[in-house]
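Okay, structure first, notes after.
In this text the structure is predicted, and so the values were computed from the model without any measurement.
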Amino acid sequence: MDLSQASALAFYILSTLFANSFVIIFVITVVLAALDFWVVKNVSGRILVGLRWWNEINEQGESIWRFECLDQESLARINQKDSMLFWWTLYLNAVAWGIFGIFSMVRLEVDYLLVVAVCFSLAIANIIGFTKCRKDARNKIQAFASRTIASRFSSTLQSAFSLV
């Protein structure tokens, strides 16, 4: 888990044990979770898996997903262990917030459930964004490979018939 994910989770755990001010716990935990969201979306995702995503709203009010992926050479240089670490921590972060949400429901702490819900929704947004981005990248790679193979096949056929 990267430092930003660990900081939001650690602060939440420690602050609920030692602090009495819900407002301070809420504000600092949500700020740390928002920082984690931004770092994972714009920095860690780009460095560790070569992906970046964002969502825009057009003039008609429709949501449009935008995806960026590194080129083939750069993707080949990405360390697979780093990539696996990225995906595991992405999912484990959401699982941890989900567990805290269950604890908050069991203890009937609706105010802390609000903190957890905000952090959980940010974690889920990153999961959805990166999953869609990975699928889009795979589709682009497959389309590129298909075009390349088709182009080479047609050029081979053309050269074979031009010799006849």
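- Note on L113: it does not cluster hydrophobically with I99, by side-chain heavy-atom contacts below 4.5 Å among ILVMFWY residues.
- Residues A33 and A8 share a closest heavy-atom pair of N-CB, 3.9 Å.
- Heavy-atom neighbours of Y91 OH from other residues, nucleotides or ligands within 6.0 Å: above the threshold of 12.
- Using a 4.5 Å cut-off on side-chain heavy atoms (C-beta onward), W65 and I128 make contact.
- You'll find the side chain of D111 stays beyond 4.5 Å of the side chain of F26, heavy atoms only.
- With hydrophobic clusters built from ILVMFWY side chains whose heavy atoms lie under 4.5 angstrom apart, V31 shares a cluster with F22.
- Within the model, atoms CH2 of W97 and CG of L92 stand 14.0 Å from one another, a figure rounded to the nearest 0.5 Å.
- Pairs engaging residues 85-100 under the salt bridge (charged side-chain N to carboxylate O under 4.0 Å, His left out) rule: none recorded [sequence neighbours left out].
- Following chains of ILVMFWY side-chain contacts shorter than 4.5 Å, one can reach V116 starting from V23, so the two form part of one hydrophobic cluster.
- In this structure, A125 and F37 approach most closely via the heavy-atom pair CB-CE1, 3.8 Å.
- Nearest heavy atom pair, residue A94 against residue I127, reads CB-CD1, 3.6 Å.
- Between F130 and V40 there is a side-chain heavy-atom pair separated by less than 4.5 Å.
- The line from CZ of F11 to CG of L32 is 7.0 Å long, rounded to the nearest 0.5 Å.
- Side chains of D36 and L122 form no contact here, defined as non-hydrogen atoms less than 4.5 Å apart.
- The hydrophobic cluster containing V95 also contains I124, counting ILVMFWY residues as joined when their side-chain heavy atoms lie under 4.5 angstrom apart, directly or transitively.
- Taking CD1 of I64 as the reference point, atom CD1 of I57 lies at 8.0 Å (rounded to 0.5 Å).
- A single hydrophobic cluster is seen to contain both W38 and L9, as judged by linkage of ILVMFWY side chains at heavy-atom distances under 4.5 Å, directly or through other members.
- Within the 4.5 Å cutoff, the side chain of E109 has no heavy atoms near those of the F103 side chain.
- Between Y112 and I25, the closest heavy-atom pair is OH-CD1, 3.4 Å.
- The side-chain heavy atoms of L48 and S83, taken from C-beta on, include no pair separated by under 4.5 Å.
- The shortest distance between side-chain heavy atoms of I13 and F100 falls below 4.5 Å.
- By the 6.0 Å contact criterion, CH2 on W88 is open, its count of non-hydrogen atoms from other residues, nucleotides or ligands being 12 or less.
- Rounding to the nearest 0.5 angstrom, the gap separating the CD atom in Q80 from the CG atom in L85 is 12.5 Å.
- Of all non-hydrogen atoms in S104 and Y12, the two that sit nearest each other are OG-OH, 3.6 Å.
- For N79, the CG atom is densely surrounded, since the number of other residues' heavy atoms within 6.0 Å is greater than 12.
- Considering all non-hydrogen atoms of both residues, L51 and W87 come closest at CD1-CZ2, 4.1 Å.
- The environment of L14 atom CG is dense: over 12 non-hydrogen atoms of other residues, nucleotides or ligands sit within 6.0 angstrom.
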